[in-house]
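Chain naming here is simple, since letters A, B, ... match the order of the sequence lines and numbering starts at 1 in each. The analysis underlying the following values was restricted to heavy atoms, covering all of them including side chains, and did not include hydrogens, waters or symmetry mates.
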Amino acid sequence: MGNKIKIAERRNRRLGGRFFAPDTVSLAKSLLGKRLVSFADRKLTSGRIVEVEAYLGSNDPACHASRGVTARNEVMFRSAGHCYVYLIYGMYHCVNVVSEGAGVGSAVLIRAVEPVEGLDVMKGRRGRGGQFERDLARGPGRLCQAFGIERGISGQHFVSSPVIWLEDAPQVSEGEISASGRIGISVGADLQLRFFLEGSRFVSG
DNA sequence: TCCGAGATTCACT
DNA sequence: GTGAATCTCGGAG
């Protein structure tokens, strides 16, 4: 069976535009448990989202959008459902789901997923760091490496992109979701804007 | 024009 | 536990 058929068959599972409409924190929580799918380099990889962080636009000092529009963060100011990818520390990528209306600059960072499909592809892309399944996509930089997500994908839309999208999955109950301060930032770290699935061994930090 | 910090990860001590 | 790798951006000189 060719990949083309596979991709077409699963099209009806893709999350549509309405999914991205809620406020950023609600969207962050509803992303938990959903399936992140990449078809970068014509190779299929997917995983269950287990950890996210919310970044609240211009009022959030930890958010890239807080200092206005730049060449790097321009995608953050587009409408909800766009894919914002940026380079951090000069060597790793991070992938975000843009939220709220155009011009707001809010987004949800996908920090970790539980690998589901394409584990061999992920291991190949992760190199030495990919020996253990648990480490394939635990952390935003590792996740992007495993899924082949790079800056070229930034600006695509999760509803229409041929290389990155989200698929529906059973709703996660509120009781399974834990909150904490965001990781790796120095300002606004006390805000409870990191959400993760309690008990998952694929959560970072 | 230069310098330091950053939504990170890995190798090495 | 500590430091290096290396791109982007804001602020200092």
* Closest approach of A:Asn73 and A:Ala65, non-hydrogen atoms and distance? ->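 Closest approach of A:Asn73 to A:Ala65, heavy atoms only: ND2-CA, 4.0 Å.
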* Considering non-hydrogen atoms only, spot the tightest contact between A:Val37 and A:Arg10 and give its length. =>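 Nearest heavy atoms, A:Val37 then A:Arg10: CG2-NH2, 4.1 Å.
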OP1 or OP2 of [N] under 4.0 Å from side-chain N/O of [X]:
X        : N     : answer
A:Ser186 : B:dG6 : yes
A:Arg138 : B:dT9 : no
A:Arg67  : C:dT8 : no

Regarding [X], tell me which of base, sugar-phosphate or nothing describes its non-hydrogen contacts under 4.0 Å with the strands shown.
X        : value
A:Arg126 : sugar-phosphate
A:Arg182 : nothing
A:Gly90  : base

What integer distance in Å separates [X]:[atom1] from [N]:[atom2]?
X        : N      : atom1 : atom2 : result
A:His93  : B:dG6  : NE2   : C1'   : 16 Å
A:Ile149 : B:dT9  : CD1   : P     : 13 Å
A:Ile185 : B:dG6  : CD1   : C1'   : 11 Å
A:Leu109 : B:dT8  : CG    : P     : 8 Å
A:Gln131 : B:dC10 : CD    : P     : 10 Å
A:Leu87  : B:dA5  : CG    : C1'   : 15 Å

[X], nearest nucleotide to its side chain (from [options]):
X        : options              : result
A:Tyr55  : B:dA11, B:dA7, B:dT8 : B:dA7
A:His64  : B:dA7, C:dG10, C:dA5 : B:dA7
A:Arg151 : B:dA7, C:dG10, C:dT8 : C:dT8
A:Cys63  : C:dC9, B:dA7, B:dC10 : B:dA7
A:Arg128 : B:dG6, B:dA7, B:dA11 : B:dA11
A:Arg142 : B:dC10, B:dG6, B:dA7 : B:dC10

* **side-chain contact (heavy atoms from CB on, under 4.5 Å) between A:Phe19 and A:Leu27, worked out** => CA-CA 8 Å; A:Phe19 175 80; A:Leu27 176 63; 3.6 Å; yes
* **Sidechain N-carboxylate O distance under 4.0 Å for A:Arg35, A:Glu117** =>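 A:Glu117 and A:Arg35: salt-bridged.
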* Does A:Lys29 pair with A:Glu174 as a salt bridge, N-O distance under 4.0 Å? ->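 A salt bridge is present here (some side-chain N lies under 4.0 Å from a carboxylate O).
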* Determine the Euclidean distance between corresponding P atoms of B:dT1 and C:dT6; express it in Å to zero decimal places. =>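 Pairwise P distance, C:dT6 against B:dT1, rounds to 24 Å.
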* To do: Quote, to the nearest angstrom, the C1' distance that separates B:dA5 from C:dG3.
  =>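 Nearest-Å result for B:dA5 against C:dG3 at atom C1': 15 Å.
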* Backbone of A:Val85 reached by a side-chain donor or acceptor of A:Arg151 within 3.5 Å ->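 Flag not set: sc A:Arg151 to bb A:Val85 has no pair under 3.5 Å.
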* Asked: What dot-bracket string describes DNA chain B from 5' to 3', counting Watson-Crick and G-U wobble pairs whose defining distances are under 3.5 Å, with [ ] for crossing pairs and | for pairs to another strand?
  -> ||||||.|||||.
* A:Tyr92-B:dT8 aromatic stacking (under 5.5 Å, under 30°) ->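 By the stated criterion, A:Tyr92 and B:dT8 do not stack.
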